[in-house]
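So the structure is just underneath, and the comments pick up after that.
When a residue number appears, it is its place in the shown sequence, counting from 1.
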Amino acid sequence: IPARWSDWQTWRTERKDWYYRRTHWKTCSASGVKQAYLSNLETEMKFSIQHAKDKPFTHDGLREYFDYRDLGIFDATDGKAVMHVIRASKGSNATGEWHRHELNFQFVYVLKGWAIYEYEGHGQHKLVEGTCVHQPPHIRHREIEHSDDFEVLEIVLPGEFKTITM
């Protein structure tokens, strides 16, 4: 580790660049490749707009106690991501089974109502309107209970992923 401050900043910048190249496999050390990769992502994705009236909730998602409304992101990103609104299915309750997802990113934002989730190593949390949760890849979790009006926005990368019940 360098002793002088200017040397430290240079070393840190070089390490950060090395880390980025190691963790983003489609980039390399050649100048401009990172920008070319980002431009490629933009061209693979399509414009998408969806109105609630055009896409109703369906009961064909991962959990039987939820209804799902696909927001068209899976098709627009060619499967790189999925985004949907999930709401409590009338007359059903959470089963409380432990599970985990094989994915790279999962984001949940509570739009209405509340739910109690338990995360391995983090305990139980009551999610209420306005709560934002980032669930790291492979974290074991379970839903314990939810209100009748519970509704969330969820974003997951990649768009197709595996769920493993424990």
Output side-chain donor-acceptor pairs under 3.5 Å for residues 147-160, partner residues at least two apart or in another chain, one line each.
unit_1	atom_1	unit_2	atom_2	d
S147	OG	W114	N	3.0
S147	OG	W114	O	3.4
S147	OG	D149	OD1	2.7
S147	OG	F150	N	3.4
E154	OE1	H84	NE2	2.7
E154	OE2	Q106	NE2	2.6

What pairs of donor and acceptor atoms, side-chain ones from residues 120-130 against any protein atom, are under 3.5 angstrom apart with sequence neighbours left out?
unit_1	atom_1	unit_2	atom_2	d
E120	OE2	R140	NE	3.4
H125	NE2	H122	O	2.8

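Not counting sequence neighbours, R87 has no partner by the side chain to side chain donor-acceptor pair (under 3.5 Å) test. Applying the ring pair (Phe, Tyr, Trp, His ring centres under 6.0 Å) rule to F107 yields no partners; only residues at least two apart in sequence or on another chain are considered. Applying the side chain to side chain donor-acceptor pair (under 3.5 Å) criterion to T95, with sequence neighbours excluded, gives no partner residue. Listed by chain and number, the residues in a side-chain contact (heavy atoms from CB on, under 4.5 Å) with T77 are M45, I73, K80, A81 (sequence neighbours excluded). With sequence neighbours left out, R142 forms a salt bridge (Lys or Arg N to Asp or Glu O under 4.0 Å) with E118. Applying the ring pair (Phe, Tyr, Trp, His ring centres under 6.0 Å) test to F105 and every residue at least two apart in sequence or in another chain returns H134. Y109 pairs by the side chain to side chain donor-acceptor pair (under 3.5 Å) definition with nothing, not counting sequence neighbours. Applying the side-chain contact (heavy atoms from CB on, under 4.5 Å) rule to D70 yields the partners K55, V82; only residues at least two apart in sequence or on another chain are considered. Under the rule for a ring pair (Phe, Tyr, Trp, His ring centres under 6.0 Å), the partners of F66 that lie at least two apart in sequence or sit in another chain are H146. For the salt bridge (Lys or Arg N to Asp or Glu O under 4.0 Å) test, residues two or more places apart in sequence or in another chain that qualify with E97 are R63.
Hydrophobic clustering places Y117 together with I86 (ILVMFWY residues linked when any side-chain heavy atoms are closer than 4.5 Å, directly or through intermediates). I139 and V108 fall within a single hydrophobic cluster, where Ile, Leu, Val, Met, Phe, Trp and Tyr are joined by side-chain heavy atoms under 4.5 Å apart, directly or via other members.
Residue S89 comes nearest to H59 through the heavy atom pair OG-CE1, 3.4 Å, listed as atom of the first residue, atom of the second, then distance. Across V85 and F57, no two heavy atoms sit closer than the pair O-CE2, 3.5 Å. Here the shortest heavy-atom pairing between H99 and T163 reads CD2-CG2, 4.0 Å.
Note that CD of Q50 and CG of L71 are 5.5 Å apart. Values are rounded to the nearest 0.5 Å. Taking NZ from K46 and CG from D75, the interatomic distance works out to 6.0 Å, rounded to the nearest 0.5 Å.
Between V133 and Y119 there is a side-chain heavy-atom pair separated by less than 4.5 Å.
Aromatic ring centroids of H101 and H138 lie 6.0 Å or more apart.
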